[in-house]
Amino acid sequence: MREQKTDYLIRQVAVGNMDAAAQLYEQVKKGVYAFVYPYFNNRWDTEDCLQSAFLKICRNAQSYKPHTDARAWIFQIAKNTALDMLRQKNREKVTDTLPERSSGLQDGTVFDAMQRVLSEEENRIVVLHVLWGYKHREIAALLNCPVGTVTSKYKRAAEKLRQFLKEK
């Protein structure tokens with residue numbers, strides 16, 4: 001149901017419906033924030049990326065193919081925006097991986113805890129499952145790995161986070 005609503009809102013944004021744009025932003029902002037946070041490891045750059053990505057989503061809404069995976073389309077724009085920002089910021093070649101993790105908690109958020117204790121793949125699995133509502137089989141298809149691997153990595157990541165947050 002949520003996927004259908006996202007699809008509908010993108011199509012409405014494509015025809016200039018600003019109310020739909022506001023609704024779409026409210027629906028996707030937390031998930032996009034969590035998805036791009038690992039690229040920057042700070043809330044300021046992450047918020048800038050979120051805003052830039054959303055503007056690109058609105059500008060390119062007419063290129064969205066209706067009834068496809070709206071979340072994947074949004075993720076791709078967010079990822080490309082983050083990589084563009086990193087390239088611009090660093091003026092050097094940026095690979096399609098996340099930057100090195102920080103040595104400690106910066107903002108004191110769960111996102112920071114995730115950065116500290118989870119691998120890149122575990123982080124992505126948690127974000128895709130918890131914040132975006134993807135099922136493990138959908139995540140497996142996105143990451144090209146077996147469903148059992150996604151399930152075990154998700155459980156392992158959840159346990160790591162529980163232990164870390166319990167200690168703090």
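Keep in mind that the numbers below use all heavy atoms, side chains included, and drop hydrogens, waters and symmetry copies.
Using a 4.5 Å cut-off on side-chain heavy atoms (C-beta onward), E120 and P38 make no contact. Inter-residue side-chain proximity for V13 and I57 is flagged as unmet; no heavy-atom pair is nearer than 4.5 Å. Between T81 and V36 the shortest side-chain heavy-atom distance does not fall below 4.5 Å.
Closest approach of A34 to V127, counting heavy atoms only: O-CG2, 3.8 Å. Of all heavy-atom pairs between E138 and G133, the closest is OE1-O, 4.3 Å. Scanning both residues, T6 and A70, for their nearest heavy atoms gives CG2-CB, 3.6 Å.
With sequence neighbours excluded, the residues that form a side chain to side chain contact (heavy atoms under 4.5 Å, CB included) with S152 are R156. Among residues two or more places apart in sequence or in another chain, the salt bridge (charged side-chain N to carboxylate O under 4.0 Å, His left out) test is passed with K56 by D84. Partners of Q163 by side-chain hydrogen bond (donor to acceptor under 3.5 Å, both in side chains), not counting sequence neighbours, listed by chain and number: E159. Residues forming a salt bridge (charged side-chain N to carboxylate O under 4.0 Å, His left out) with K135 (at least two apart in sequence, or on another chain): none. Under the side chain to side chain contact (heavy atoms under 4.5 Å, CB included) criterion, H136 pairs with H129, I139, V147, V150, T151, Y154, sequence neighbours left out.
Atoms CG and NZ, on L50 and K29 in that order, are 8.5 Å from each other to the nearest 0.5 Å. Of the inter-residue distances, the one linking K160 atom NZ with K153 atom NZ reads 9.5 Å to the nearest 0.5 angstrom. C58 SG to I77 CD1: the interatomic distance, rounded to the nearest 0.5 Å, is 9.5 Å. The distance from the CE atom of M85 to the CG atom of D45 is 5.5 Å, given to the nearest 0.5 Å. In this structure, CZ on R116 lies 12.5 Å from CG on L161, to the nearest 0.5 angstrom. Atom CD of Q12 sits about 10.5 Å away from atom CE of M18, to the nearest 0.5 Å.
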Side chain to side chain contact (heavy atoms under 4.5 Å, CB included) assessment of F75 paired with L128:
CA-CA 10 Å; F75 277 145; L128 289 169; 3.0 Å; yes
Show, in sequence, the C-alpha distance, side-chain angles and deciding distance for M114 and Y37, and conclude whether the side chain to side chain contact (heavy atoms under 4.5 Å, CB included) test is met.
CA-CA 10 Å; M114 288 171 63; Y37 187 89; over 6 Å; no
Could you go step by step and tell me if C49 and Y39 meet the side chain to side chain contact (heavy atoms under 4.5 Å, CB included) rule?
CA-CA 10 Å; C49 182; Y39 289 92; over 6 Å; no
Identify each donor-acceptor pair in which a side-chain atom of residues 61-68 lies under 3.5 Å from a protein atom, sequence neighbours left out, and give them as a table.
residue : atom : partner : partner atom : Å
Q62     : NE2  : R59     : O            : 3.0
S63     : OG   : N60     : O            : 2.7
Y64     : OH   : D7      : OD2          : 2.4
Y64     : OH   : T68     : O            : 3.1
T68     : OG1  : K65     : O            : 2.6

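Relative to the six-membered ring of Y134, R71 meets both conditions, a distance below 6.0 Å and an angle of at most 45° to the axis.
For the pair S52 (side chain) and D48 (backbone), a donor-acceptor distance under 3.5 Å is present.
Other residues, nucleotides and ligands contribute over 12 non-hydrogen atoms within 6.0 Å of the OH atom of Y25.
Of the options L143, V130, L118, a side-chain contact (heavy atoms from CB on, under 4.5 Å) to I125 is made by L143 and by none of the others.
The cluster map of Ile, Leu, Val, Met, Phe, Trp and Tyr, joined by side-chain heavy atoms under 4.5 Å apart, puts L55 and I10 in different clusters.
For the residue pair D19 and Q23, no side-chain donor N or O sits within less than 3.5 Å of a side-chain acceptor on the partner.
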